[in-house]
**Q** 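The structure follows.
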Amino acid sequence: DTLGHIAAGDLACRQAVVAAGGAGAVVAALRAHQDNVEMQRTGCVALKDIAAGDAACNQAVVAAGGAGAVVMAMRAHPGDVDVQQAGSGALMYIALGDAVNKQAVVAAGGAGAVVAALRAHPGDVVVQRAGCVALMHIALGDAACRQAVAAAGGTDAVVAALRAHRGDAVVQRAGCVALMHIALGDA
C-alpha cells in the first residue's frame with residue numbers, strides 16, 4: 001500500500017518510486033502472491049498510479065513487465081470487481097504511452113483481459129468506464145493493436161457497455177471513441 005500511496009501523489013513522487021525501482025518491486029510482488037486477492041488489487045492500483053506519471057514512469061512500468069503482471073492478476077481473479085477495475089485502469093494508463101507501450105499491452109493479452117472484465121461485470125459502471133477507456137487507448141495504436149481489440153471481442157463488449165450504460169457520459173464517449181478507432185483498422 002505504501003508504494004501505491006506515494007505513487008498516487010504528484011509527478012515527483014511517481015518519479016521517486018520509479019527511481020527506487022518501485023515498478024519492478026510491485027511486479028515481483030504481484031507474481032509472488034498471485035493467489036492473494038488483496039495483493040493483486042493493491043499491486044494493480046500501484047502500477048496504475050505509477051504509469052499515470054510522465055512518459056518515463058509509464059515506460060518503467062512496461063520495462064518491469066507491468067502489463068503482463070496486471071493481465072495475470074485480472075485472469076487470476078475474474079470475479080473480483082476491484083481487481084478488474086484497477087487492472088483495467090492500469091492497462092489504460094500503460095496504453096496511454098507510446099506505440100511500444102500499446103504493443104506491450106496487446107502482447108500481454110491486455111485487450112482480452114479488459115474484454116473479459118467488461119463481460120464479467122456488465123453492471124459495474126466503474127469497470128465499464130475503465131474498460132472502455134482502456135480499449136479506446138489500445139485501439140488508438142497501430143493496425144495490429146486495433147485488430148487485437150477487435151479479435152478479443154472488444155467491439156461487442158463496447159457496444160454492450162454503450163447499451164447498458166446509456167446515462168453515463170464517460171462510458172458513452174469512451175465507447176464511441178473506441179469503436180471509431182477499431183473501425184479504422186483492418187479488423
Side-chain angles (χ1 to χ4, degrees), residues 26-27 29-31 33-49 51 61-62 65-97 101-142 144-166 168 170-183 185 187:
V26 172
V27 168
L30 283 167
R31 289 184 178 146
H33 301 283
Q34 294 178 32
D35 293 335
N36 184 321
V37 70
E38 290 182 28
M39 176 59 236
Q40 299 303 301
R41 286 181 201 136
T42 303
C44 286
V45 170
L47 289 177
K48 174 181 71 76
D49 290 341
V61 171
V62 170
V70 169
V71 169
M72 176 201 66
M74 293 174 75
R75 288 180 178 159
H77 302 283
D80 189 275
V81 70
D82 294 326
V83 170
Q84 300 306 308
Q85 289 172 358
S88 294
L91 293 173
M92 181 260 310
Y93 276 108
I94 295 169
L96 271 171
N101 292 14
K102 290 176 189 347
Q103 291 163 355
V105 170
V106 168
V114 171
V115 168
L118 289 169
R119 289 179 176 158
H121 303 281
D124 188 283
V125 72
V126 178
V127 170
Q128 299 300 303
R129 287 175 182 163
C132 286
V133 173
L135 292 177
M136 175 184 82
H137 286 293
I138 297 167
L140 186 59
D142 61 16
C145 291
R146 292 188 291 273
Q147 289 169 351
V149 172
T155 305
D156 291 338
V158 169
V159 169
L162 289 169
R163 289 180 177 153
H165 299 279
R166 294 179 197 273
D168 189 87
V170 175
V171 171
Q172 296 298 305
R173 181 184 180 284
C176 288
V177 175
L179 292 175
M180 177 182 75
H181 289 298
I182 295 166

**Q** Assess whether atom CZ of R163 is packed by more than 12 heavy atoms of other residues, nucleotides or ligands within 6.0 Å.
**A**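 It does not: R163 CZ has 12 such atoms or fewer within range.
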**Q** Going by the side chain to side chain contact (heavy atoms under 4.5 Å, CB included) test, name the single residue among V106, I182, L140 that passes it with C145.
**A**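 Result for side chain to side chain contact (heavy atoms under 4.5 Å, CB included) with C145: V106.
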**Q** Under a 3.5 Å distance rule, please check whether K102 uses its side chain to pair with a backbone N or O of G97 as donor and acceptor.
**A**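 Answer holds: yes.
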**Q** To the nearest 0.5 Å, what is the distance between CD on Q84 and CE on M74?
**A** 4.5 Å
**Q** Side chains of D168 and Q128: do they bring a donor and an acceptor to under 3.5 Å?
**A** no
**Q** Indicate yes or no: at least one non-hydrogen side-chain atom of V37 is less than 4.5 angstrom from one of R41.
**A** yes
**Q** Quick check against the 3.5 Å criterion: does R146 have a side-chain atom that pairs as donor or acceptor with the backbone of G141?
**A** yes
**Q** Between H77 (side chain) and Q34 (backbone), is there a donor-acceptor pair under 3.5 Å?
**A**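 Here the side-chain-to-backbone pair exists.
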**Q** Ignoring hydrogens and angles, tell me if any N or O in the side chain of Q40 forms a donor-acceptor pair with the backbone of H33 under 3.5 Å.
**A**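 Yes; judged by distance alone, with no hydrogens or angles, the pair exists.
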**Q** Can you tell if the side chain of L91 reaches within under 4.5 Å of the side chain of V71, non-hydrogen atoms only?
**A**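 Yes; the side chains approach each other to less than 4.5 Å.
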**Q** Spell out, as yes or no, whether a donor-acceptor pair under 3.5 Å connects the side chain of H165 to the backbone of P122.
**A**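 Yes, H165 side chain to P122 backbone: donor-acceptor pair under 3.5 Å.
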**Q** If you define the side chain from C-beta out and look only at heavy atoms, does anything of M136 sit under 4.5 Å from M180?
**A**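 They are not in contact (no side-chain heavy atoms under 4.5 Å apart), so the answer is no.
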**Q** For residues D142 and Q103, determine if any side-chain heavy atom of one lies less than 4.5 Å from a side-chain heavy atom of the other.
**A** yes
**Q** Would you say the side chain of L135 lies within less than 4.5 Å of the side chain of L118, judging by non-hydrogen atoms?
**A** yes
**Q** Can you tell me how far the CE atom of M39 sits from the SG atom of C44, to the nearest 0.5 Å?
**A**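 The distance works out to 8.5 Å.
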